2 protein chains.
Amino acid sequence: MSARTSRGRRPGAPDTRAEVLAAARASFAEKGFRGTTIRAVGAAAGVDPALVHHYFGSKDDLFLAALEMPVDPREVLAPVVAQGPDGAGERLLRTFLSVWDDPDMQVRLLAVVRSVLTDDGGTLLKEGFIPVVVGPVLAQLVADRPDVRIPLVTSQVVGLIVMRYVIAFPPMAQMPAEDLVARVGPVLQHYLTGDLP
Amino acid sequence: MSARTSRGRRPGAPDTRAEVLAAARASFAEKGFRGTTIRAVGAAAGVDPALVHHYFGSKDDLFLAALEMPVDPREVLAPVVAQGPDGAGERLLRTFLSVWDDPDMQVRLLAVVRSVLTDDGGTLLKEGFIPVVVGPVLAQLVADRPDVRIPLVTSQVVGLIVMRYVIAFPPMAQMPAEDLVARVGPVLQHYLTGDLP
DNA sequence: GACGTTTTTCACCATGTGTTGAATTGTGCG
DNA sequence: CGCACAATTCAACACATGGTGAAAAACGTC
């Protein structure tokens, strides 16, 4: 591209704010919170770092802005729960993948996952998100012993996320969603309602 | 403890080098590579940061030293492979957990996992470790279609690692290893040799 | 066309980082 | 003892980072 060096406002009506936000989302998704620098975000958007601060305040504020419009899992999973435990494994996985495979959602979710895995937001996950949000939803689908079945379901789903989206291991990342549903869904069903020692 | 401020060598024969290394391992395991600072390692060992550089060279060298004596998965998994595919799921998981549940191994493995998840060593995993090391081993246990079965096995195992060791989600972290073997082993067996669509 | 407002860059500051080189103190050996 | 060597700290450099305040350029409105 060209070197842009004039000082004040640019001609035309470019939505620079949106470009900065997009660059921030991409960087947070790829490098996590600590790995993202305001300077890099500015550079990616072709903009002075100070402009990033001008639009969004601190780096924390930028992170929050990048995460805007997160999914409410309880809302998304409501229909899955409503149809009862039969075939819940497949339905659960299908709606799950439909959210994660949406590119717009994916950058946001990846940003939070990467940062949580990286920056010791682990506490946030294990004391907040999983028991408060995921737990109650899954509890409605589980046959018994939720303290055994929920961790098992969660572990398989988390493994899927990491392999398919965080690492993007090609065979897993390119597997069609319906194939995954057919192959992993029964396992989730087994964890939810099958015979467990 | 007390503020240590004298300049030169300490009296006695303290194995400061080992203390520094232990502190480095702990920090790498908890915070990953980027999250670990040489100054923090020095402080944790009660030592000037320059001493860290004196013993181990650069930060990269320190990281390598902290990872010393890693497990060679091919070696550890050799007996599992040798006994053939029958019951391989359980055996695989059992040896796997025996390595990870060893505290000494755990810090080293956690260090590499955290850094890989964090610092875009993702490439290392998806283009090096998994296809070169894990792949060939699992390939010997798999019934057919390795490009389908290996990612599935890997995803369940990775999910276990993340939940049990990285996040340390309590119900998963405290589940006895043999319970896990009994509950997840059959799923791995299914991924290895069962009927898959 | 004049003027206030918004957008954008520039020039800094304070802080934290990895790293280096010299200086100081103890240990062990002749 | 004297002397080489190892262990340890201090002071500093060069750089990157998050953040701030002022100045310049375009826009919108009267």
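Here the structure is a predicted model, which is why all the values come from computation and not from measurement. Each chain gets a letter, A, B and so on, in the order its sequence line appears, and its residues count up from 1.
- In this structure, the nucleotide among D:dG19, D:dT8, C:dT19 sitting nearest to the side chain of B:His53 is C:dT19.
- The NZ atom of B:Lys59 sits 15 Å away from the C1' atom of D:dC15 (whole-angstrom rounding).
- In this structure the side chain of A:Met172 never reaches within 4.5 angstrom of the side chain of B:Thr154, judged on heavy atoms.
- Note: CG (B:Asp60) to P (C:dT17) measures 17 Å, nearest angstrom.
- We find that CG of A:Asp15 is positioned 13 Å from C1' of C:dT6, with the value rounded to whole Å.
- Remark: the B:Arg39 side chain and the C:dG16 base include no donor-acceptor N/O pair separated by less than 3.5 Å.
- Rounded to whole Å, atom C1' of C:dT17 lies 15 Å from atom CG of B:Leu62.
- Considering CZ of A:Arg39 and CG of A:Asp48, their distance stands at 9.0 Å, rounded to 0.5 Å.
- Look at CD1 on B:Ile38: it is 17 Å from P on D:dC10, rounded to the nearest Å.
- Close to D:dA6, at under 4.0 Å from its OP1 or OP2, lies no side-chain N or O of B:Tyr55.
- In this structure, of D:dA7, C:dT19, C:dT8, it is D:dA7 that holds the atom nearest to the side chain of B:His54.
- Cluster annotation: A:Val99 and A:Leu97 are assigned to the same hydrophobic cluster (Ile/Leu/Val/Met/Phe/Trp/Tyr, side-chain heavy-atom contacts under 4.5 Å, transitive).
- A:Tyr165 places none of its side-chain heavy atoms less than 4.5 Å from the side chain of A:Leu109.
- With rounding to whole Å, A:Glu19 atom CD is found 14 Å from C:dT7 atom P.
- Neither OP1 nor OP2 of D:dA16 sits under 4.0 Å from any side-chain N or O of A:Thr37.
- Computed from coordinates, the A:Asp48 CG to D:dA23 C1' distance equals 13 Å when rounded to whole Å.
- Judged by distance alone, with hydrogens and angles left aside, the side-chain atoms of B:Arg91 form a donor-acceptor pair with the main-chain N or O of B:Gly84 at under 3.5 Å.
- Rounded to whole angstrom, the span from the CG atom of A:Leu51 across to the P atom of D:dG21 amounts to 17 Å.
- Of all nucleotides listed (C:dG18, C:dT20, D:dT8), C:dT20 comes nearest to the side chain of B:Ala50.
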